[in-house]
Amino acid sequence: MMRELSTRFGRDGLGFAWLVVEPLAFCVGVILLWSLLKPEYEHGLRTTPFIFTGYTSIVLIRHLVSFSMNSLAANVGLLHHRDVTAVHIFLSRNFLEFAGATLSFILVYLALFSFQQIGAPHDLLLLYCGWFLLGWVGMGFGLMLAGLAMQFDVIERIVPVVTYLLIPLSGAFVMVEWIPYQWRELYLLLPFAHGIEMIRSSVFGEFTKTHYHPAYAVALATVMNVLGLLLISISKNRVEIE
């Protein structure tokens with residue numbers, strides 16, 4: 001993990017602080033833009049915290065997926081060491097991305113709170129659980145795609161399309177309650193929305209109706225993580241060590 005920080009961000013300037021500053025800059029920019037273009041309230045929800053919870057969530061998921069894809073290409077030289085495996089490389093990148101996105105989430109939350117744009121969480125434990133669940137789901141999805149990409153080259157080419165599809169499919173910019181009733185349970189088969197709904201339930205309080213099934217999301221995310229790690233393990237011989 002220390003080597004990953006050094007090779008990606010260098011030792012000069014902000015260095016490893018870019019792990020936090022990069023997602024932080026995107027989040028702040030998008031929140032400011034939407035706040036200027038949108039009314040203060042939509043669908044009975046305040047726009048700023050709605051965009052904040054959605055955009056920080058989609059940044060976490062997309063970073064976990066995107067940075068899993070090129071993990072081996074960037075660190076293939078480490079596989080010369082007997083004690084370093086492909087799984088170690090993938091896990092270190094995922095932990096770093098989760099840590100950076102989490103710190104960015106905290107900093108933006110505190111900034112919005114100080115400007116009275118968002119209130120204190122109504123249920124702090126629910127907020128923690130929703131964020132960690134979202135990270136678990138994103139990590140599993142990223143590992144599974146990375147494992148498949150090691151077997152099939154075409155997967156790497158369609159991942160950018162998948163990450164864009166996550167914008168409408170993740171629930172980042174829509175509440176499950178807004179989805180027509182006949183499609184709601186079908187939509188909740190996707191594991192991403194559950195964590196985001198939990199975060200929003202904590203931020204907006206009990207008077208905002210949310211829908212989530214954490215046990216289902218945890219189970220599906222666990223399956224994706226295990227499947228992803230298995231695919232990476234059985235595909236390690238396909239990696240060319242230069």
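Scope of the values below: all heavy atoms of this structure, side chains included, with no hydrogens, waters or symmetry mates. In this text, all values refer to a predicted model and were calculated from it rather than measured experimentally.
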Query raised in the report: Is any side-chain heavy atom of Tyr212 closer than 4.5 Å to a side-chain heavy atom of Val176?
Result: no
Report summary line: Note: Gly142 and Ser68 closest approach over all heavy atoms is O-CB, 3.8 Å
Requested in this report: State which residues pass side chain to side chain donor-acceptor pair (under 3.5 Å) with Glu177; sequence neighbours excluded, sorted by chain then number.
Outcome: His211
Requested in this report: Might you point out which heavy atoms bring Pro49 and Gln117 nearest each other, and give the distance in Å?
Outcome: CD-O, 3.5 Å
Requested in this report: Heavy atoms only: give me the nearest Leu188-His194 pair and the separation to one decimal.
Outcome: O-NE2, 2.6 Å
Query raised in the report: Do the side chains of Leu45 and Arg200 get nearer than 4.5 Å, heavy atoms only?
Result: no
Report task. Measure up the Phe141 and Phe192 rings against each other and bin them: parallel (under 30°), tilted (30 to 60°), perpendicular (over 60°). Result -> perpendicular
**Report entry** Heavy-atom side-chain contact between Thr53 and Ile196 under 4.5 Å
**Finding:** no
**Report entry** Spatial distance of atom CD (Glu197) from atom CG (Leu134) [nearest 0.5 Å]
**Finding:** 11.5 Å
**Report entry** Spatial distance of atom CE (Met150) from atom CG (Leu148) [nearest 0.5 Å]
**Finding:** 10.5 Å
Requested in this report: Please name all residues satisfying side chain to side chain contact (heavy atoms under 4.5 Å, CB included) with Trp183, sequence neighbours left out, ordered by chain then number.
Outcome: Ile179, Pro180, Leu186
Report task. Could you pull out the closest heavy-atom pair between Leu166 and Ile58, with the gap in Å? Result -> O-CD1, 3.6 Å
Report task. Might you work through the side-chain contact (heavy atoms from CB on, under 4.5 Å) test for Leu145 and Met69, ending with a clear yes or no? Result -> CA-CA 7 Å; Leu145 288 176; Met69 297 307 299; 4.1 Å; yes
Requested in this report: Mind checking the CD-OG spacing from Glu206 to Ser201? Nearest 0.5 Å is all I need.
Outcome: 9.0 Å
Query raised in the report: Same cluster for Leu231 and Phe152 if Ile/Leu/Val/Met/Phe/Trp/Tyr side chains link at under 4.5 Å?
Result: yes
Query raised in the report: Mind checking whether Met144 and Ile234 sit in one hydrophobic cluster, side chains of I, L, V, M, F, W, Y counted as touching below 4.5 Å?
Result: yes
Report summary line: Sorted by chain and residue number, the salt bridge (Lys or Arg N to Asp or Glu O under 4.0 Å) partners of Glu156 (sequence neighbours excluded) come out as none
Query raised in the report: Where the side chain of Arg46 meets the backbone of Ile118, is there a donor-acceptor pair that is under 3.5 Å apart?
Result: no
Report task. Decide whether Phe204 and Phe115 are clustered together by the hydrophobic rule: side chain heavy atoms of Ile, Leu, Val, Met, Phe, Trp, Tyr closer than 4.5 Å, transitively. Result -> no
Query raised in the report: With a cut-off of 6.0 Å (strictly less than), are more than 12 heavy atoms of other residues, nucleotides or ligands near OH of Tyr128?
Result: no
Report task. Supply the members, apart from Val223, of the Ile/Leu/Val/Met/Phe/Trp/Tyr cluster built from side-chain contacts under 4.5 Å; use none for a lone residue. Result -> none
Query raised in the report: Is Asn225 reaching over with its side chain to a backbone N or O of Trp136, donor-acceptor style, under 3.5 angstrom?
Result: yes
Query raised in the report: Does CD belonging to Gln116 count more than 12 external heavy atoms closer than 6.0 Å?
Result: no
Requested in this report: Evaluate the side-chain proximity of Phe105 to Leu127: yes if any heavy-atom separation is below 4.5 Å, no if none is.
Outcome: yes
Query - Parallel, tilted or perpendicular, as decided by the 30° and 60° cut-offs, for the rings of Phe67 and His63 - result: perpendicular
Requested in this report: Look at the side-chain heavy atoms of Ile, Leu, Val, Met, Phe, Trp and Tyr, link any pair under 4.5 Å apart, and say whether Leu189 and Val174 land in one connected group.
Outcome: yes
**Report entry** Minimum heavy-atom distance between Gly135 and Leu64, given as atom pair plus value
**Finding:** O-CD1, 3.5 Å
Query raised in the report: Would Leu227 end up clustered with Tyr216 when hydrophobic side chains under 4.5 Å apart are linked, directly or stepwise?
Result: yes
Query raised in the report: Is the shortest heavy-atom distance from the side chain of Val65 to the side chain of Val162 under 4.5 Å?
Result: no
Query raised in the report: If you measure from CG on Leu143 to CZ on Arg93, what distance do you get to the nearest 0.5 Å?
Result: 12.5 Å
Report summary line: For Ala217 and Pro191 the tightest heavy-atom approach is CB-O, 4.1 Å
Query raised in the report: Parallel, tilted or perpendicular: which fits the ring planes of Tyr109 and Phe52, with parallel below 30° and perpendicular above 60°?
Result: perpendicular
Query - Thr102 side, atom OG1; Leu107 side, atom CG - distance, nearest 0.5 Å - result: 11.0 Å
Query - Remaining members of the apolar cluster that contains Leu125, side-chain heavy atoms under 4.5 Å - result: none
Query raised in the report: Would the number of heavy atoms belonging to other residues, nucleotides or ligands and lying under 6.0 Å from CZ of Phe173 be above 12?
Result: yes
Query raised in the report: About how many Å separate SG of Cys129 and CD1 of Ile199, when rounded to the nearest 0.5 Å?
Result: 10.5 Å
Report task. Sequence neighbours left out, what passes salt bridge (Lys or Arg N to Asp or Glu O under 4.0 Å) with Arg62? Give chain and number order. Result -> none
